[in-house]
Amino acid sequence: MKSPLLSLPGAVPAEGRDEGVAAHYGDLFREQRALADGNGFVDLSHRGVITVTGDDRLSWLHLLLTQHVSDLAPNQATEALILSANGHIEHAMYLVDDGTTVWMHVEPDTQGDLIAYLESMKFFYRVEVADRTGDIAVVHLPAGSIAETPDWAAVRETPQGRDLFLPRADLEAYAAAHGPAAGILAYEALRVEGHRPRVGFETDHRTIPHELGWIGGAVHLQKGCYRGQETVARVHNLGKPPRRLVFLHLDGSEVHLPGHGTPVRLAADGQEGRQLGFITTSARHHELGPIALALVKRNVAVDAELLAGDTAAAQETVVEP
């Protein structure tokens, strides 16, 4: 979905997984500062939007998701995962129930696969699953925003701000009334600062929730069975995950940020040393400078100096070893 807000002055299109919205509108750091101060909004209209309606929607989703949602109160935001049979992360869903409908947004272009899975699990339950990406757009308001929420918008409110589910036809009018707009790069920099993982960035084909700190947040340990639960319970009760998420402060003298997949090694071993992990997301932060998230082997010392490609990196613990 190509956003109409790409026509705003200064808009530079994003690339890769976030294609379809603006990377920035001419001043990355100004946009970050505005969001950090609770001003403006972020266009997330490229993300997939799914609704689930019907009397059984919460009890049915409770059987499929890693989150406890059978008693989810109206307007209470939560997040949940879909795992493979082996416990590997396949989807992350950011959802809210408004009393009659569960609204969720997911990674761009993943809604088709997720809906196919949900449809295959309907059986006799009274539920209807719909792809609303074509007519509903997601807009993010940062924490502290005093912008009014339209009465006709579903709202998902979290400590990081509010996600609005707006009619796509109203997106331009909303932007005109509630600017300034901030690009996805500003949003991602604050996500990295907050150590919040994202499917397709912090995950690969074998990532389990424990590696990213999603236990307790998106994974409820006292709910009933769901696909992949055996792995979750076994690692939680009997062992440790093979990898862990770390936050990196990168050498600010480097011109280029290390991209996704850049090898991470011990600084003492140099660029020829054994690879211990990889960069998942890097960003330029308005206060912290160049920063990144990385997935590294669990036994990497928490105080070890690292190299991300040829860039020196000092780590902070996100997931305990």
Side-chain angles (χ1 to χ4, degrees), residues 1 3-12 14 18 20-49 51 72-79 92-106 132 135-196 198 217-218 283-288 291:
M1 302 296 295
S3 173
L5 303 191
L6 285 171
S7 64
L8 291 178
V12 175
D18 288 319
V21 295
H24 60 83
Y25 295 89
D27 191 336
L28 171 62
F29 293 150
R30 176 188 59 78
E31 295 165 30
Q32 283 187 42
R33 286 191 290 270
L35 293 178
D37 290 339
N39 298 317
F41 70 93
V42 183
D43 176 13
L44 299 179
S45 62
H46 63 316
R47 291 184 64 81
V49 176
T51 57
L72 188 67
N75 304 315
Q76 179 182 337
T78 191
E79 56 187 282
M93 300 171 296
Y94 303 86
L95 56 92
V96 67
D97 184 84
D98 66 5
T100 61
T101 301
V102 173
W103 296 82
M104 64 180 78
H105 63 83
V106 299
R132 302 296 302 276
D135 65 303
I136 299 293
V138 179
V139 168
H140 174 77
L141 299 176
S145 172
I146 60 173
E148 294 185 1
T149 300
D151 293 337
W152 32 262
V155 181
R156 179 179 177 273
E157 186 161 3
T158 73
Q160 290 77 45
R162 287 175 285 166
D163 296 335
L164 311 185
F165 295 84
L166 302 174
R168 192 170 288 274
D170 296 342
L171 186 57
E172 290 181 276
Y174 186 85
H178 297 88
I184 194 69
L185 290 183
Y187 180 83
E188 284 289 279
L190 299 182
R191 177 181 72 80
V192 172
E193 178 194 17
H195 307 165
R196 297 190 299 275
R198 182 178 172 188
R284 297 191 185 279
H285 191 273
H286 68 288
E287 290 182 341
L288 301 177
I291 56 177

- List the steps and the verdict of side chain to side chain contact (heavy atoms under 4.5 Å, CB included) for Leu72 and Val96. CA-CA 8 Å; Leu72 188 67; Val96 67; over 6 Å; no
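- Gly183 and Val42 make their closest contact through O-CG1, 4.2 Å (heavy atoms, listed as atom of the first residue, atom of the second, distance).
- Partners of Asp27 by side-chain contact (heavy atoms from CB on, under 4.5 Å), not counting sequence neighbours, listed by chain and number: Phe29, Arg30.
- Atoms CZ and CG, from Arg196 and Leu190 in turn, are 7.5 Å apart once rounded to the nearest 0.5 Å.
- Remark: His178 pairs with Tyr174 by the ring pair (Phe, Tyr, Trp, His ring centres under 6.0 Å) rule, at least two apart or across chains.
- Asp170 meets the side-chain contact (heavy atoms from CB on, under 4.5 Å) test with Trp152, Pro167; sequence neighbours excluded.
- In this view, Glu188 and Arg191, Arg198 satisfy the side chain to side chain donor-acceptor pair (under 3.5 Å) rule, not counting sequence neighbours.
- A pairwise comparison of heavy atoms in Glu31 and Ala181 identifies CG-O, 4.1 Å as the closest pair.
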- Query: Going through the checks in order, is the side chain to side chain contact (heavy atoms under 4.5 Å, CB included) test met by Asp43 and Leu8?
  - Reply: CA-CA 12 Å; Asp43 176 13; Leu8 291 178; over 6 Å; no
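- Every side chain to side chain donor-acceptor pair (under 3.5 Å) that His46 has, sequence neighbours left out, goes to Asp18.
- Annotation: side chain to side chain donor-acceptor pair (under 3.5 Å) contacts of Asp37 (sequence neighbours excluded): none.
- Residues in residues 95-105 take part in these salt bridge (Lys or Arg N to Asp or Glu O under 4.0 Å) pairs, two or more places apart or across chains: Arg57-Asp97.
- Residues Ser3 and Val21 approach most closely at CB-CG1, 4.2 Å, considering heavy atoms.
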- Worked check of side chain to side chain contact (heavy atoms under 4.5 Å, CB included) between Tyr94 and Thr158: CA-CA 10 Å; Tyr94 303 86; Thr158 73; over 6 Å; no
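- Considering only residues two or more places apart in sequence or on other chains, Pro4 meets the side-chain contact (heavy atoms from CB on, under 4.5 Å) condition with Leu171, Glu172.
- Applying the side-chain contact (heavy atoms from CB on, under 4.5 Å) test to Ala189 and every residue at least two apart in sequence or in another chain returns Gln32, Ala283.
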For residues 138-150, tabulate all N or O donor-acceptor pairs below 3.5 Å that involve a side-chain atom, not counting sequence neighbours.
residue : atom : partner : partner atom : Å
His140  : ND1  : Asp163  : OD1          : 3.0
Ser145  : OG   : Ala147  : N            : 3.2
Thr149  : OG1  : Arg162  : NH1          : 2.5

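- Under the ring pair (Phe, Tyr, Trp, His ring centres under 6.0 Å) criterion, His195 pairs with Phe247, not counting sequence neighbours.
- A distance of 10.0 Å separates NE2 of His285 from CG of Leu28, quoted to the nearest 0.5 Å.
- Every residue was checked against the ring pair (Phe, Tyr, Trp, His ring centres under 6.0 Å) condition with Phe41, not counting sequence neighbours, and none meets it.
- Under the side chain to side chain contact (heavy atoms under 4.5 Å, CB included) test applied with Phe165, the options Arg132, Arg156, Met104 reduce to a single match, Arg156.
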